[in-house]
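Remember, it's 1-based here, ligands and their atoms both numbered in the order they're listed. Because the structure is a prediction, the values reported are computed rather than measured. By convention here, the first residue in the shown sequence is residue 1.
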Amino acid sequence: MGMKGISIFLSTVAVLSLGSSSTTSTAKASSDQTSNSSRVYVVYMGSAAPNSLTSTRASLRTDHAHLLTSLLSRKANALVHIYRHGFSGFAARLSEEEARSMARKPGVVSVFPDPLFKLHTTHSWDFLKYQTALEIHSFPDSISDDDDDSTPPHTSVSDTIIGILDTGIWPESESFNDKDIGPIPSRWRGTCMKGPDFTSSNCNRKLIGARFYNSGDLITDNDSPRDLVGHGTHVAGTAAGSVVPGASYYGLAAGTAKGGSPGSRIAMYKVCTAEGCFGSTILAAFDDAIRDGVDVLSLSLGSSSYQPDLTSDPIAIGAFHAVEQGIIVVSSAGNDGPKRETVANFAPWLLTVAASTMDRNFESNVVLGGNKVVKGEGINLSGLQKSPVYPLIYALSAKTADADEPEARNCDRQSLDKNMIKGKIVICDTDVPIYTTDDQIEAVKSLGGIGVIFDRDDDNGIMAETYGAFPATAINLKDAKHIFSYINSTRNPVATILPTETVTKYKPAPTIAYFSSRGPSAATNNILKPDIAAPGVDILAAWPGNDTAVTPAGKEPPKFNVISGTSMACPHVSGIAATVKSQNPTWSPSAIRSAIMTTATQTNNLKATITTDSSSIATPYDYGAGEVTTTGPLQPGLVYETDTIDYLNYLCYYGFDTSKIKTIARTTPNGFACPEDSKADYISNINYPSIAISKFNGNESRNIRRKVTNVAGDGEVVFTATVDTPSGLSVKVIPDKLHFSKNNQKLSYQVVFSSTTSAPKEDMFGSLTWSNGKHKVRSPFVVSI
Ligand SMILES: *[C@@H]1O[C@H](CO)[C@@H](O)[C@H](O)[C@H]1NC(C)=O
Ligand SMILES: *[C@@H]1O[C@H](CO)[C@@H](O)[C@H](O)[C@H]1NC(C)=O
Ligand SMILES: *[C@@H]1O[C@H](CO)[C@@H](O)[C@H](O)[C@H]1NC(C)=O
Ligand SMILES: *[C@@H]1O[C@H](CO)[C@@H](O)[C@H](O)[C@H]1NC(C)=O
Ligand SMILES: CC(=O)N[C@H]1CO[C@H](CO)[C@@H](O)[C@@H]1O
């Protein structure tokens with residue numbers, strides 16, 4: 001990811017090939033000459049014409065209009081989308097040569113092949129199968145053992161509009177009923193688009209907008225806002241679902257379902273199908289949402305396995321313009337953890353969300369002969385007897401003569417001897433990523449097996465997975481050893497798998513989920529990402545009403561489903577952002593983000609430091625500022641406002657020149673110019689609620705500046721700084737007291753980082769907290785080497 005020359009795009013290696021849902025990451029702009037050398041490119045032209053938001057017929061910028069006219073005169077059918085409300089540009093089918101030529105035209109910021117993004121449901125190998133669902137009822141604050149609905153006592157919540165870019169919506173779900181919700185806010189300019197299975201009466205005072213995008217590409221299922229995947233319905237229910245008592249997935253996770261902001265309105269922008277989400281369509285939805293008048297945008301999707309450059313990343317581009325126009329944009333961090341540098345959606349104008357577990361767990365334990373119980377996790381929907389009467393076998397022991405060991409251990413159908421499997425519970429390994437748990441269950445089932453125990457070959461946390469109507473559960477490495485030694489020492493080993501139980505008040509919780517993508521960002525170590533963590537494991541939320549794929553034999557399709565992913569974590573935070581916005585309508589997106597981050601908690605329900613699900617202490621690379629709280633963000637005390645200049649400076653440091661930045665930004669302050677000595681290190685000085693400095697070598701000190709705004713509302717207040725300093729570091733805050741004489745006053749301070757050892761050997765983590773006795777305003781910091 002180069003810092004320079006970013007206006008060139010065809011050389012970008014990290015773009016997915018058009019029309020393929022593959023996640024491999026090489027651009028194949030010219031490899032398909034034989035069929036058709038045209039493909040969709042996005043031509044991005046920066047901000048929209050100044051009046052386009054207000055004029056009834058949105059006017060185009062002159063250079064934009066000119067470029068479009070000349071394109072259409074040559075290729076009448078080439079145009080896929082025009083962007084004109086929130087920003088300028090278009091998507092069109094172009095040859096590589098045409099794309100190159102467009103990139104040189106006046107007013108063009110970048111031209112890039114249309115990338116295909118993915119939904120951030122869990123997907124990494126054996127997590128592949130679970131989708132994600134949101135748990136609503138025992139949301140973060142439940143770790144305080146307080147089961148009350150903690151809906152804040154204020155009212156205007158219902159005027160906040162959350163726009164969701166996702167797979168569409170199942171409008172009949174109870175989560176979208178509009179009981180007790182007032183008229184649609186008059187400023188709303190959106191629409192409810194019709195399709196063969198969707199009428200305008202499917203929208204109501206809760207679901208106030210629904211759009212879909214027919215881009216004429218290879219993706220099917222794009223003629224209606226209806227959700228045929230489930231993801232969008234689940235995300236929408238989590239962000240702003242109405243209160244639905246008695247929700248459960250066949251009795252599991254039973255409770256009252258409600259979104260993070262049950263009073264907010266929902267506008268669905270269907271930009272994805274099961275195959276993925278085209279970047280050109282995501283941009284079209286941003287363009288519409290900005291004009292429609294949403295307050296919050298929630299995106300549970302993004303890149304995965306590759307990181308687009310800022311100039312060719314539709315989410316970064318669309319979000320930049322949304323934030324410029326006062327919309328807070330919340331995005332998922334991705335499911336590529338726990339490896340370092342996997343976090344997606346790293347732009348500093350996004351609020352990037354990692355996934356944590358909750359104090360609820362689904363257990364399907366294994367009972368061995370002699371009635372020894374081994375802890376397992378899973379959701380079974382069919383049952384075995386409760387006593388251990390079923391023969392138990394390790395799949396490897398059923399290997400056919402000519403099969404390979406790893407395949408047999410992983411329950412590959414062709415590698416197992418049917419006679420050995422029949423009538424038995426089979427232990428399958430899970431160390432070969434190409435076998436999904438569904439494949440493995442199918443294999444065992446078809447060979448006459450009666451149950452599956454998945455042996456997770458590591459001690460990473462395991463998540464309950466919906467195994468459908470076949471008895472199945474998953475155990476971790478430590479517990480697997482008990483089972484293997486039992487098998488080794490027993491002539492006729494037997495076992496059973498118990499029915500699933502919902503375990504509540506599970507401890508420790510939260511932990512950071514195995515799959516959640518980790519920082520630092522591969523693009524820059526000078527902005528900490530992810531920003532925050534929220535529940536994203538085994539989440540119960542609304543689901544399409546006719547999904548037979550998750551319906552056990554002989555039952556009605558479920559109205560709620562349990563799924564996992566940072567996709568599920570993101571809308572929790574979107575809901576909280578909406579609540580903060582509704583109570584502080586004048587707050588900027590960055591003030592809301594700051595309120596959410598500086599009030600996060602780092603403590604779990606054992607009153608100990610939050611860990612990852614493999615029990616190591618969580619760092620800011622795992623969870624940013626920590627686990628989100630629901631009430632803290634309503635009273636943050638101080639906020640860090642990141643203004644447009646900060647973001648423009650980021651673009652400078654990132655390698656854009658002043659003239660390009662003037663094209664991108666809707667308004668640039670008079671005389672704006674990139675600082676003479678723009679360099680990446682200065683990104684650390686952007687007024688962000690966390691601090692990240694990089695390439696710290698120990699013999700120099702670093703000076704970081706920050707500015708806070710008093711929102712404590714008490715007139716005169718004094719905040720005092722305390723620092724949690726890691727060993728090897730000396731941290732000075734100057735001044736260490738801030739005297740505010742009135743509300744909304746801004747004061748600056750500096751933090752000086754220096755080393756107490758000659759050469760630090762690893763990244764160091766700490767925090768800086770401003771406190772006035774009533775509020776605690778905490779910023780995590782990361783010093784990387
Ligand atoms: C190939 O591109 C041309 C326009 O350049 C278009 O008319 C035609 O339909 C395309 N063919 C296919 C198979 O996509
Ligand atoms: C069980 O026996 C196999 C070989 O027969 C051995 O590889 C394995 O380590 C044993 N496991 C335990 C837990 O004793
Ligand atoms: C569910 O309903 C939609 C819309 O009516 C339909 O297109 C889809 O095929 C149905 N799915 C199933 C599994 O029946
Ligand atoms: C700083 O420390 C590094 C290694 O610790 C060393 O290579 C470098 O020369 C030092 N620079 C100065 C200015 O002392
Ligand atoms: C969650 C769930 O449905 N668990 C089921 C597992 O199987 C037994 C036996 O059929 C059922 O009783 C449980 O309800």
Side-chain angles (χ1 to χ4, degrees), residues 129 131 166-176 192-203 207 210-212 214 219-234 236-237 249 268 270 272-275 366 368-370 372 374-376 391-399 404-406 408-410 417 420 424-429 431 438 453-459 466 468-469 475-495 542-561 563:
K129 285 287 151 166
Q131 312 216 14
D166 215 293
T167 59
I169 194 156
W170 193 267
E172 292 85 3
S173 168
E174 264 303 290
S175 290
F176 311 124
C192 187
M193 289 173 71
K194 294 194 218 57
D197 54 11
F198 205 99
T199 69
S200 55
S201 67
N202 283 129
C203 289
L207 176 63
R211 291 182 184 267
F212 65 92
N214 193 332
I219 288 192
T220 50
D221 164 33
N222 55 357
D223 62 353
S224 145
R226 184 169 292 274
D227 182 9
L228 302 184
V229 176
H231 190 273
T233 300
H234 201 275
Y249 179 69
M268 176 57 69
K270 180 175 171 184
C272 307
T273 68
E275 293 142 88
V366 176
L368 304 174
K372 181 176 171 43
V374 175
K375 195 184 138 205
L392 176 66
I393 188 171
Y394 181 31
L396 182 59
S397 311
K399 183 175 100 60
D404 288 337
E405 278 200 10
R409 286 192 292 104
N410 281 272
D417 179 349
M420 303 283 289
K424 293 183 184 153
I425 293 177
V426 183
I427 302 173
C428 303
D429 284 351
D431 59 346
D438 279 2
I453 297 172
F454 291 109
D455 168 18
R456 318 304 283 248
D457 72 331
D458 52 40
D459 266 327
T466 309
I475 54 174
N476 67 24
L477 190 59
K478 208 166 60 232
D479 294 329
K481 287 203 183 102
H482 293 302
I483 298 193
F484 285 122
S485 72
Y486 166 72
I487 292 180
N488 283 1
S489 64
T490 313
R491 189 187 306 250
N492 293 309
V494 288
W543 201 250
N546 72 344
D547 187 354
T548 47
V550 296
T551 309
K555 307 231 173 165
E556 289 290 306
K559 300 203 158 29
F560 293 83
N561 193 11
I563 56 174

| note | A student checking ligand 3 against D197 at a 4.0 Å heavy-atom cut-off should list atoms 4 (C)

| said: Using a 3.5 Å distance criterion without hydrogens, assess whether the side chain of D404 forms a donor-acceptor pair with backbone atoms of P406. | reply: no

| field | Separation of S173 OG from F560 CZ (nearest 0.5 Å) | value | 5.5 Å

| request: Please check if the side chain of S397 supplies one atom and the backbone of I393 the other of a donor-acceptor pair under 3.5 Å. | output: no

| query | Does R226 pair with E172 as a salt bridge, N-O distance under 4.0 Å? | reply | yes

| With only distance considered, is N488 within less than 3.5 Å of ligand 2 through an N or O on each side? | yes

| request: With heavy atoms of K481 as the reference, note each atom of ligand 2 found under 4.0 Å away. | output: 13 (C)

| remark: Separation between CH2 (W543) and CG (N561), nearest 0.5 Å, reads 5.0 Å

| query | How does L228 reach ligand 3, by side chain, by backbone, by both or by neither, if only non-hydrogen atoms under 4.0 Å count? | reply | side chain

| Is there a donor in the side chain of D455 and an acceptor in the side chain of Y394, or the other way round, less than 3.5 Å apart? | no

| message | If we count only non-hydrogen protein atoms and require a distance under 4.0 Å, does atom 5 (O) of ligand 2 qualify as touching the protein? | response | no

| Looking at atom 13 (C) of ligand 2, what's its closest protein heavy atom, distance included? | S485 N, 3.6 Å

| said: Any protein heavy atom at under 4.0 Å, with atom 10 (C) of ligand 2 as the reference point? | reply: yes

| query | Which of the atoms of ligand 3 are close to R226, meaning less than 4.0 Å from one of its heavy atoms? | reply | 4 (C)

| Is it true that a side-chain atom of S175 and a backbone atom of G237 form a donor plus acceptor pair closer than 3.5 Å? | no

| Are any of the heavy atoms in F198 under 4.0 Å away from ligand 3? | no

| query | Considering distance alone, does some N or O of N546 sit under 3.5 Å from an N or O of ligand 3? | reply | yes

